[in-house]
Structures are given as C-alpha cells and as structure tokens.
Amino acid sequence: MATKPLNLSRIVLQDIWYHKWMILLGLAVVLNAVAVVYTSHISRTQTSQLDGLQQERDRLDIEWRNLLLEEQSLAEHSRVTRIATKDLDMERPSPGKEIVVRLQ
Amino acid sequence: MTKQAKRITKPEPLHWRLKLVVVFVCAVFFSLVARAAYIQVLEPGRLRHESDMRTLRTTSNEVQRGLISDRNGEMLAVSVPVRAVYADPKMVFDNNGFADMRRWQALADVLHEPVADVVQRVQENPKKRFTYLKRQVTPEVAAYINQLKLPGIYLKAESRRYYPTGEITAQLVGITNIDDVGIEGLESTYDNWLTGTPSKQKVRKSRDGRVVERLDIIQEGESPNDLVLSIDQRIQQLAYRELKRATEIYQATSASLVMIDVRTGEVLAMANTPSYNPNSRDQLQSHRMRNRALADAYEPGSTVKPFVMAAALQSGIVKPGDVIPTSPGWMRIGGRQVRDGVNYGDMSLAKILWKSSNVGISKLALQMPIQQLLGTYQSLGLGSYSGINIIGESAGLVQDRHRWSDFERATLAFGYGLTVTPLQLARMYATLGSGGILYPSSILKLKQAPEGTRVLSENVANEVLKMLVGVTEEGGTGTKAHIDGYPVAGKSGTSRKAVAGGYGDDYVALFAGVAPANDPRLAMVVVVNEPKGDHYYGGDVSGPVFGKVMSGALQMLNVEPLPSHEVVELAGSVGGQR
C-alpha cells in the first residue's frame, strides 16, 4: 500500500483554517489588551496635561487679580482727575461750552 | 578499560536526576503561579491598599469670593489668595524644632515680629495642636517660610479682600471679616451669592506629583458668583468728592447722596460721609460704617411740597392755572401759626413751589381729605421699603391714624411729622421724572427696566416737573443747583431736627431734583445733616453739591445739553404761570 507522501505545510494550513475563529479571537484579545494599555496611557498623559493647564489657569487667575488691583489703583478716577488738572492743565468744559457732534 | 569506565562512556539517561530537575522546575513555576494567583485573586486588597497609600490624594481647589464690580466693570471688591501661617506646637517639640534658632529668627523677621514673641507663642502650651502665627501673608512670604522647613510650622490657604475704591463706596459695598464672611453692606446681604465652596476630588498622582487619574468627586463644590452693581463709579467718585467737600465746609455731622436712573430705578450713586477705609480693619467706627442714604430717615421739610401739589392736581381740587391767596403771609390753624418769610400775596401754583410758600401749600393740603394726602405719600413709597434689598434699610415713618388736627395736616404738607430716607426721597422724585411711574429701586445692574406701577397720571407728573424748573432759575430757592446747559427741576428743603420735647437748633439741609427737565434722566437727593454755621438752608448747603454732581453726571452719561436759549424758554414757560 503506497502511502501518499504527507504534505506537512498543507496539514498545518488546514489546521489553521479549521481553527481560524479561535486564532482570530486570540489575536483580537491580544490587540484589545494592547489597546487598553495604549488608551490608558493616553488618558493619563492627557489628565496630567489637563492638571498642568489647570494649575496654569489658577496661577494666571491669581496674577490677573493682582494686575486688576494694580490697574484699579492706577486708573482710580480721583487720581486721573488730579493728574489731568494739575499736571496736564486740563479742565472739563461746562455743559454750555460743549459742542455736540452728531453721527449720521 | 575497567568495567566502570565503560559504563560511563556509554551514556544513558539518569532518570532520577531528570525527574528531580523537572519536579524542581515545575515547583518553581507552580509556586510563582500560586503566588501570582494569591496576589491577584485571593488577597488583592493589601497591595492595592499599599499602592493607594502612595498614589491616591485628595485635592481641593481654592475658591475665591466673587468679585463686585460697578456697571462698567470697574472692580469694587477683589479677593486675592494669601496664606495663614500656623504652628502645631506639639509637632515642633516632638521634632526638636528649636534646634536651629537661626531659622526662627528668619521666620520672625519675615513676619515683622520680634523673635521672642513668635517663640513664646509656640512654647506657651507644648501640648497645643494649633495656633495662628500670622494671618494673610502674601504668597511670596509664604514661599519663603516654606523653604525654612521648620518642623510644625504650616501654611493654610485663605483669601484677602481688597477694595480698590476705598472709602468712596465703603458703606455701600461693606466689608468682610478676616474669615471672609460678609458682615456689612452688600457683602453681608449677598454673602451666600458671593461665597463659593471648594470641591474635593480624589485623584491618583504619579511619582513626580502630577495628576494622572481623576477618580471620584468627594464633595461637589459651588462656584462663587460675581455681583455687578448698578453704580456708575465715575459718578459715585464725583458724588463722594463733592459731598466730602460740603461736609468739611459746613462742618456737618454727616451727609448722604443718592442718584437714581429715572427710567429703570437703578441706583447710579450712593455716597455717604464720613466714610472709612475698608482696606484697614484696625479703625472701624460704627457711625462711619452706616449707609445713611438708606438707613437714616429725616424729616424731609419742603422737599415733599411737590407731592402735595401732585396730590392736589390729581384729585382735581386745583387746576394748573389757579391762584391761591396767601396774604398776609401767615395763617393761624388751631392756635398754632404757619408762616412764610414774606407776604407773597396771591400766588400761582408754580410760584408756591418756586418760593416754597408754607401758607400756600398748607391751604392746598387743608382743602383735601387727609387720606388723600397720606395715600399719595404712601403710593410714592413712603413708609415702605424701596425694593433695593440691603440689610439695614429703614422704611421711614408715615403715621397711619384716623384723627389728625388741622395743624398736623398742614405740617404734613411741608414735611414735618413724617420721616423719609434719602433713597425714598430720590425714588419719589424719580417718579416725577418718569411721568408718574414708580419703579422698585435696584442696586444691581438690570438687563431691562422692571415693571413699574403708575402712581400719578402723566399729566400731573409733567405739570409738577414743569413748575419745579423755576426753583433753580433766578429768584427761586435753589439757584445754586442751577446747571449751565441742562434745565433742572428741583426743590430745596430745610428741616429742624426734632429733639426730645420739640425741635432743636440743628438743621437738615436737603436738595432733591430731576434733570434734565425736558427729558428726565436722573433723579438725585443730597442730604446734609446738621451743618454748622450761618448757612443751613437746603438751597445754600445741598444745592451746590446737587448742581456739580448732576452736571458732571449728565456729561459723563453723554446727555446732550440744551442750547441756552431753549433753557430760558423752558423756564419762561413756567414764568408765565407765576
């Protein structure tokens, strides 16, 4: 009885084909695991970035508040009035001397 | 070759050795897997706990109290984060904190306090766990203290409130105490609105201290809200400056000013003297902190006469062209006397207001039933709150009784026997300016005009307004409130202050009015309380303040001035009725 020579690679491929769903699922599991690792990495980087930005925001807010105070004290009306009248020799025209310019 | 050597040269498997190795390797693998399973499946809690101890942190965000700004966005109150320095004496002693006294010297220097004091406060009670060393230090100082690395010395976040406008808006805005709780003025009234609560969150931090994962929110925070006032800081500043000057010149006990936007009821300026600096808490005096513009009620004197006129016109007992005889310049009512300065003879209605005749106005008041007059007063907001909603507001006093003597009815007509706050009076004049519609007062900036209630007919309101133009023109009692370019409808008033058992020698000088009379925009009241010296008439003391502030305010609001001949014409049209 002459035995047909066995084609090993053929058998292997047949076997693979037979178990294709198993292998696909296995691959999917591996890919999924990698994706989980990757997304959690991204999420952590982003969270950390968000945290950094929020800290920056708080710092800027504090700076803004201090600048606001400085602006208010520099632009205080009585100070402006004093500089305008004393240093710059300006005066407010009385209503009678006002000239009204009408915008068409 | 020996037999033994021969056996060695011919290799064959040593079964017991192979088995030993296999068993050993399997045991190693098995123990590894068992250990992993134990850690992962059976007893995962402990390591998780260990990990959490090292990475889980609770963070809370700092929340600053809301800002208060005027209608144009100028800041009236701003909170800035600062730090409180506190000590835990027990920790200081446990860690041998006094080993390096140079650090304590540096700490004391930066706190501007003698080192002995600081050390003494910590050493006082070694078992204590908390004592403040200094509150409200700047972040720079805090960073320096942090670098000193003193054991048991800690920093705590808090915030400090600054009031850039200082004494100009002090009574209105109010102040907070050191723990950031509003205790006066709007800070107190809107405390809940302005205060936020920090939110607490559980986070996972990486080794370098960055947040890598946000877990759950432990406590939902509430963000603070800002407050936008209806005040126009430009006008407020001008008002305060003029008021302060008048207070000094006439050595008055106090003075108040209220300006209302006629079309919406918004308060554009509310100033009081004497004032205080809200930025330094050391020298607070309660009499300086009173917002007298709405907390103090005065007898309004002649400033209520226009409303008696309005009541008379409204009820139809007189018509605009009528003439009232006031000769001989005084009248006797129930054994008491009502008198004018001079005998004005027969007067037109406009002239009664123009010359502020007590006899004329008393005659009008006596012609109408008392309920008519009181009803008009009450519908104009006397004796009730203005709707401004600020803690400490007074409602004034209008007596509600059935029996009135004739003399009391007459005095009611020239402003005695009832009290009003400056804010109420301003609101009454605003009603004349808005054509008889009374709006609730508001200290907050409004998006649209609120719903008003009609309390006077439009004709009556306009008629009275026209009569009042004469007051600030030549020959009236309020010529010092005259403004170049804008016709003013105003009325002066001077009332004696009541003391126990009668009226004393002190006066209240008032001036109230609306401008520009041709198209009313602003209503304003100036009250100077107890001016000393020769001048105490409303027209002399409060009138000039009224004129300056009103003209400045109209200019700032870009109200177009009338050419001077039209002002004269307007005044002349009233003159025809004199």
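Order of the sequence lines sets the chain letters (A, B, ...), proteins ahead of strands, with each chain counted from 1.
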Would you call B:Arg210 and A:Arg44 a side-chain contact if the rule is heavy atoms closer than 4.5 Å?
no
Atom CD of A:Glu56 with >12 non-hydrogen neighbours under 6.0 angstrom:
yes
Whatever's closer than 4.5 Å to a heavy atom in chain A on B:Ser79 counts as both
Would A:Arg65 and B:Gln64 count as having a side-chain donor-acceptor pair, cut-off 3.5 Å?
no
Examine the side chains of B:Glu74 and A:His77 and answer whether a donor and an acceptor come within less than 3.5 Å of each other.
yes
Do A:Glu71 and B:Met75 have side-chain heavy atoms sitting under 4.5 Å apart?
no
Side chain, backbone, both or neither: which part of B:Leu554 has a heavy atom under 4.5 Å from chain A?
neither
Contact origin within B:Arg234 toward chain A - heavy atom pairs under 4.5 Å:
both
Please indicate whether A:Lys20 has more than 12 foreign heavy atoms, meaning atoms of other residues, nucleotides or ligands, lying under 6.0 Å from its NZ.
yes
Heavy-atom contact with chain A under 4.5 Å, split by part of B:Glu213:
both
Under 4.5 Å from any heavy atom of chain A, what part of B:Glu62 do you find: side chain, backbone, both or neither?
neither
Where on B:Leu238 is there a heavy atom nearer than 4.5 Å to chain A: the side chain, the backbone, both, or neither?
neither
Heavy atoms, side chains only, cut-off 4.5 Å: are B:Ile168 and A:Glu76 in contact?
yes
